[in-house]
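Taking it in order: structure first as structure tokens, then the write-up.
Bear in mind that the values here come from a model prediction, so they are computed numbers and not experimental data. Per chain, numbering begins at 1; letters A, B, ... match sequence-line order.
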Amino acid sequence: MTELSKNYEHSEIEGRLFKSWLDGAYFGRDAGGFADKDKAPYTLVIPPPNVTGVLHMGHALNNTLQDILTRRARMQGHPTRWILGTDHAGIATQNKVEQKLADEGLTRFDVGREAFVQACWEWRSKYGSTIIEQLKGMGCSCDYSDEKFTMDPGYVTAIRKVFVDWFHHDLIYKGHRIINWCPRCTTALADDEVAHADETGHLWYLRYPLVQPVGDLSYLVVATTRPETMLGDTGVAVNPADERYSALIEAGAQVRLPLMDRVIPVFADDYVSVDFGTGAVKVTPAHDPNDFDMGQRHGLEQLNVLTEGAMVNANGGRFAGMTREQAREAVVAAFEELGLLDHVEAHQHAVGHCYRCDTTIEPWLSEQWFVKMKVLAEPAIKAVRTERVVFNPRRWENVYFQWMENIRDWCISRQLWWGHRIPVFYCDACGWKDALEEDLAVCPTCGAALRQDEDVLDTWFSSQLWPFATYGWPDEPGEDTAAKELAAYYPTQVLSTARDIIFLWVARMVMSSLYFLDGEVPFEDVIIHPTVLDKHGNIMSKSRGNGIDPLELIDEYGADSMRFGLALQVTGSQDLKFDKEKVMTLARNFATKIWNASRYVTMNLEDFDQSAAIDEKTGRVAPLALTDADRWILSRLASLTAELGEGREGYEFGVIARALYSFIWNEFCDWYIEFSKGQLALGGAQRAAAQRNLVFVLDTVLRLLHPMMPFITEEIWQSIPHGDSRPSLMVAAWPQAADYASLADAEAERSVDALCAVIGAVRATQARYGISPKQPLAVVVKTTGEHAALNAELLAQQLPQLQSLVRIQSFEAAADAVKPAQSSVTIAAAVEVYVVLDGLVDFEAERDRLIKERDKKTAELAKLEKKLANEGFIAKADPVVIEKTRADAAELAAAISQIEQQLSDLD
RNA sequence: GGGCGUUUGGCGCAGUGGGAGCGCGCUUCCUUCACACGGAAGAGGUCACUGGUUCAAACCCAGUAACGCCCACCA
């Protein structure tokens with residue numbers, strides 16, 4: 001047992017305690033030997049942070065929540081494991097390494113694929129564990145002894161098994177089509193990796209001359225937001241029902257494409273809407289997905305005019321070599337020069353951007369690998385419909401359904417070097433090709449050298465296997481370790497993550513798990529946590545410069561305060577506006593309060609007889625309900641343990657944090673500690689009981705608070721004589737509500753409520769008349785209501801507690817007490833409190849106050865009487881409510897007549 | 001164009017049918033032996049608006065408005 005220092009210094013304790021937890025091996029499944037093997041296991045997988053990642057507020061929140069769940073489950077005795085690891089993060093990591101090369105004036109092509117991949121591995125070993133260290137700084141109780149990585153050898157095996165299986169079941173195929181292309185990353189992206197943003201651009205109206213005039217028409221006007229793509233136009237489309245153009249269709253009209261001098265057909269297609277633009281659409285099959293479809297339907301040529309870096313290629317004639325931005329300007333200028341620019345309008349439209357580098361996406365025609373999603377999605381939809389997987393809050397299920405029900409094939413190939421290379425092998429000699437789980441050098445049919453596909457897989461393709469690949473699935477031949485682990489610990493209990501990866505990640509884990517693990521779901525619950533916004537409600541972003549660095553918060557306020565501050569603000573429906581000053585001050589003050597309350601407890605234990613307080617069965621200090629104050633705080637503690645819900649109620653982090661805050665501050669500190677001062681001063685049995693209860697209540701709340709504030713609770717817990725033999729609070733037993741239920745005590749609560757009312761009345765009287773708190777006062781209390789006689793007795797017994805809070809000259813409590821002369825009156829729920837003011841105050845002020853009080857109560861009474869006069873209320877309301885209303889009205893009426901009486905007494 | 005969320009005292013937020021709460025800030029008082037990152041007493045709100053259901057609505061229903069987020073191939 002150590003003495004608690006005068007001030008709470010988070011920086012002094014955090015590192016030391018974390019090390020002691022590591023040394024105790026509490027982060028593993030058996031919690032250093034303290035887990036209860038008979039209990040159900042509890043497992044969650046961390047959303048693997050990118051190796052390029054540094055802790056941001058979203059991580060701070062998400063990992064706080066996961067650690068709360070993990071620590072609570074561990075204390076409840078469940079064999080608990082929070083599986084840790086990182087994601088290789090294809091594009092992000094490749095960008096970092098390319099940037100490093102660029103600093104040396106090199107590109108990846110200069111060093112070659114092999115050396116580049118090697119450089120990525122080196123980068124990862126150098127920087128990839130940054131975020132892991134930051135998680136430790138937060139106090140996260142992940143299983144650090146077995147860290148996973150999405151490119152571990154076992155993970156590679158998993159990837160290849162998945163790919164080969166889907167390939168052989170025709171769920172993976174290669175297709176030539178328009179995909180989202182990032183010209184800066186020079187790779188394809190999946191649809192959900194494209195972020196759309198509304199931008200104000202232009203709608204350019206271009207004139208395309210007809211080869212042969214038809215009627216009055218010598219040219220067509222088409223509207224476009226991307227004039228540079230006209231270089232690749234191979235048709236112009238109109239709606240078949242559009243009468244303006246029906247003559248053109250009948251005549252089989254053609255236009256001569258300006259600048260390119262190419263003759264292209266005018267045709268009719270239902271896709272074209274009559275009322276947008278001019279009703280005539282330029283068709284660029286190689287650069288627009290809709291145009292691609294129309295091109296397919298009408299046999300148009302697909303003319304690619306852009307390079308992979310989004311420069312105009314040789315097909316672009318004299319515009320070749322320009323960037324797409326330059327080409328846009330040049331094309332518009334050329335049209336203007338030719339008198340073919342009809343007009344320009346401002347136009348708002350959504351533009352796609354790369355989610356990794358924000359570059360404008362180019363729809364681009366290329367050969368890519370796709371996964372057929374419909375077949376996979378169906379069982380995944382069903383798993384959520386049947387509540388085998390439950391989202392919290394439930395409304396996110398709608399988002400999931402909406403996407404899953406409209407799912408499109410998933411483009412999984414990336415033109416990168418860092419990642420899982422697509423395991424498809426080709427024989428150029430005989431045309432053989434196949435997907436293989438093991439590399440193969442020569443063709444099995446003709447013996448020629450094989451060539452492996454150049455592309456790598458989308459990072460999310462590997463992430464989707466995370467919940468089971470981290471168990472070592474699939475087993476190496478001859479081993480069944482993973483199978484055993486999965487049988488014992490799969491599915492995991494909960495996955496906590498941000499909403500923006502519901503599609504990218506959550507949905508895909510459900511699909512792949514159902515497919516590869518015999519219909520098993522990857523997790524039972526999904527927590528979609530709020531988004532952390534700045535205090536004005538804006539998304540935190542680099543460009544806004546409004547981000548808050550969690551590391552600074554930890555440094556300045558401590559990890560516990562950050563965790564508590566975040567947890568406190570988690571509610572089901574609302575995003576989290578993070579006002580650093582307010583939240584962190586609140587949380588830090590709370591930590592200080594707990595620290596000081598604990599110091600108070602330890603400072604009053606010099607003669608504590610622990611052995612007399614130990615419960616033989618548990619070996620821990622047990623409570624002793626001696627005084628009403630003792631019985632009251634124990635009863636309140638019983639309520640608290642019941643309030644911290646089990647199961648999904650345990651996801652109500654804000655509710656739990658608030659319950660703990662208000663119990664500790666407003667009940668334990670504000671009242672019980674104050675009451676205890678009187679008891680301690682009395683010595684004997686009262687003192688002993690107070691000591692036991694202070695230790696017991698503090699012990700219990702530290703346990704309850706530990707998942708949210710692990711460091712400070714551990715530090716204090718190590719310093720108080722709770723009697724528990726466990727070496728760490730991390731592995732101490734969770735207070736079960738059932739074990740505390742017998743402490744509930746309605747009578748004690750009533751008694752202390754009355755006492756608090758008396759104290760409140762005296763304090764208010766002092767404040768009102770400017771009487772010094774040091775001035776001892778004569779106080780008479782008349783108890784009223786149902787338990788008047790008993791309450792009078794109970795109050796009289798609490799004189800020591802009363803005296804710890806207010807200076808008393810004399811005290812009397814009785815059901816038939818009489819108001820002393822020259823006294824003020826305060827009427828509360830079950831008591832009328834008279835404070836003798838003889839010679840202390842000006843009674844005119846007391847008169848004014850009483851009149852105000854009377855008027856207020858009269859107004860309240862009128863409200864209740866109106867209600868009671870309402871026939872509907874009497875006929876239909878719950879009898880209990882009616883009874884309560886009647887009682888309240890009677891009480892008010894009595895109070896008013898009391899006040900009237902006092903007013904006349906003043907005369 | 002669809003969908004979702006939010007709207008409660010100056011600020012940030014709780015509160016899912018029976019007398020409006022918390023923290024910060026504000027006013028007044030108090031540095032006595034846990035804590036001034038504290039204690040005590042106060043002031044401050046027609047719970048966005050309109051209509052409906054109900055004996056009773058911040059809470060349920062319908063609609064409106066503002067703000068925010070997500071999804072969507074109209075050039």
task = Look at all strands and tell whether A/Val272 reaches a base, only sugar-phosphate, or nothing, counting heavy atoms closer than 4.0 Å.
result = base

query = CZ of A/Phe401 versus C1' of B/A72: gap in Å, rounded?
reply = 20 Å

Side-chain donor-acceptor contact under 3.5 Å, A/Tyr672 with A/Glu667 = no

Separation of atom CZ in A/Phe590 from atom C1' in B/C22, rounded to whole Å = 13 Å

key: A/Thr585 side chain to A/Lys580 side chain, donor-acceptor N/O pair below 3.5 angstrom   = no

note = With A/Lys282 as partner, the option from A/Asp233, A/Asp291, A/Asp288 fulfilling salt bridge (Lys or Arg N to Asp or Glu O under 4.0 Å) is A/Asp233

inquiry  = For a quick check of understanding: with a heavy-atom distance under 4.0 Å over all strands, which category does A/Thr224 fall into, base, sugar-phosphate or nothing?
reply    = sugar-phosphate

task = Select one nucleotide: of B/A75, B/C71, B/C69, the one nearest the side-chain heavy atoms of A/His347.
result = B/A75

request  = Hey, which sits more toward the 5' end of RNA chain B by its nearest nucleotide, A/Tyr600 or A/Asn398?
outcome  = A/Asn398

ask   = At under 4.0 Å between heavy atoms, what does A/Leu892 touch on the DNA or RNA strands: base, sugar-phosphate, or nothing?
value = base

Rounded interatomic separation in angstrom, taking OH from A/Tyr672 and P from B/C35 = 19 Å

ask   = If you look at every strand shown and take non-hydrogen atoms under 4.0 Å, does A/Leu864 touch a base, only sugar-phosphate, or nothing?
value = base

ask   = Just how far, in rounded Å, is C1' of B/C33 from NZ of A/Lys677?
value = 8 Å

message = Can you check the distance between B/A40 and B/U31, where both ends of the measurement are the P atom (answer in whole Å)?
response = 15 Å

query = Looking at A/Gln574, does any N or O in its side chain come under 4.0 Å of the phosphate oxygens OP1/OP2 on B/A14?
reply = yes

task = Starting at atom CG of A/Asp293, determine the distance to atom P of B/C74, rounded to an integer number of angstrom.
result = 13 Å

ask   = According to a strict under-4.0 Å criterion, is A/Trp665 in side-chain N/O contact with OP1 or OP2 of B/G39?
value = yes

task = Answer with base, sugar-phosphate or nothing: what part of the nucleic acid does A/Asp291 contact at a heavy-atom distance below 4.0 Å?
result = nothing

inquiry  = Please classify the nucleic acid contact of A/Gly201 as base, sugar-phosphate, or nothing, using heavy-atom distances under 4.0 Å.
reply    = nothing

A/Leu861 CG to B/G19 P, straight-line distance once rounded to whole Å = 15 Å

query = Rounded to the Å, how far apart are A/Ile502 CD1 and B/C4 P?
reply = 15 Å

message = If you go through the side-chain atoms of A/Glu674, does one of them form a donor-acceptor pair with the base of B/A34 closer than 3.5 Å?
response = yes

ask   = For B/G39, does OP1 or OP2 lie under 4.0 Å from any side-chain N or O of A/Lys593?
value = yes

key: A/Ser804 versus A/Glu674, side-chain donor and acceptor atoms under 3.5 Å   = no

query = Counting any heavy atom closer than 4.0 Å, what does A/Arg395 reach on the DNA or RNA strands: base, sugar-phosphate only, or nothing?
reply = sugar-phosphate

C1' gap between B/C13 and B/C47, integer Å = 13 Å

task = Just compare B/A34, B/A40, B/A75 and give me whichever is closest to any side-chain atom of A/Arg763.
result = B/A40

task = Go through B/A75, B/G18, B/A14 for me and flag the one nearest to the A/Phe276 side chain.
result = B/A75

note = When rounded to whole Å, the CG to P distance for the pair A/Asp575 and B/C4 reads 16 Å

message = Taking A/Arg226 first and then A/Glu362, would you say they form a salt bridge - that is, a charged N and a carboxylate O separated by under 4.0 Å?
response = yes

query = If you check every side-chain atom of A/Gln402, which of B/G23, B/C71, B/G18 has the closest atom?
reply = B/C71

request  = Under 4.0 Å between any heavy atoms, over every strand shown, what does A/Arg408 touch: base, sugar-phosphate, or nothing? Just pick one.
outcome  = sugar-phosphate

ask   = Pick the nucleotide of RNA chain B nearest each of A/His536 and A/Asn589; which residue has the one closer to the 5' end?
value = A/His536

request  = Remember a base hit wins even if backbone is also touched, and classify A/Asn870 as base, sugar-phosphate or nothing at under 4.0 Å, heavy atoms.
outcome  = sugar-phosphate

message = Heavy atoms only, 4.0 Å cut-off, all strands: where does A/Thr531 land among base, sugar-phosphate and nothing?
response = nothing

ask   = Do A/Arg687 and A/Asp607 meet the salt-bridge criterion of a basic N to acidic O distance under 4.0 Å?
value = yes

query = Between B/G18, B/A75, B/G23, which one does the side chain of A/Val281 approach most closely?
reply = B/A75

query = Taking the side chain of A/Arg499 as heavy atoms from C-beta outward, which of B/C69, B/G19, B/A72 is closest to it?
reply = B/C69

task = Identify which nucleotide among B/A75, B/C69, B/G19 has an atom closest to any side-chain atom of A/Tyr271, counting heavy atoms from C-beta outward.
result = B/A75

ask   = Can you check whether A/Trp396 and A/Tyr400 have ring centres sitting under 6.0 Å from each other?
value = no

ask   = When you check the phosphate oxygens OP1 and OP2 of B/C37, does a side-chain N or O of A/Thr585 lie under 4.0 Å from one of them?
value = no

ask   = Of the nucleotides B/C74, B/A41, B/C71, which one has an atom closest to the side chain of A/Ala764?
value = B/A41

Selection from B/A75, B/A72, B/C73 that lies nearest to any side-chain heavy atom of A/Ala223 = B/A75

request  = State which of B/G18, B/C71, B/C37 makes the closest approach to the side chain of A/Arg588.
outcome  = B/C37

request  = Compare side-chain N and O positions of A/Lys582 against OP1 and OP2 of B/C11 and report whether any pair is under 4.0 Å apart.
outcome  = no

key: NZ/NE/NH1/NH2 to OD/OE distance under 4.0 Å, A/Arg297 and A/Asp293   = no

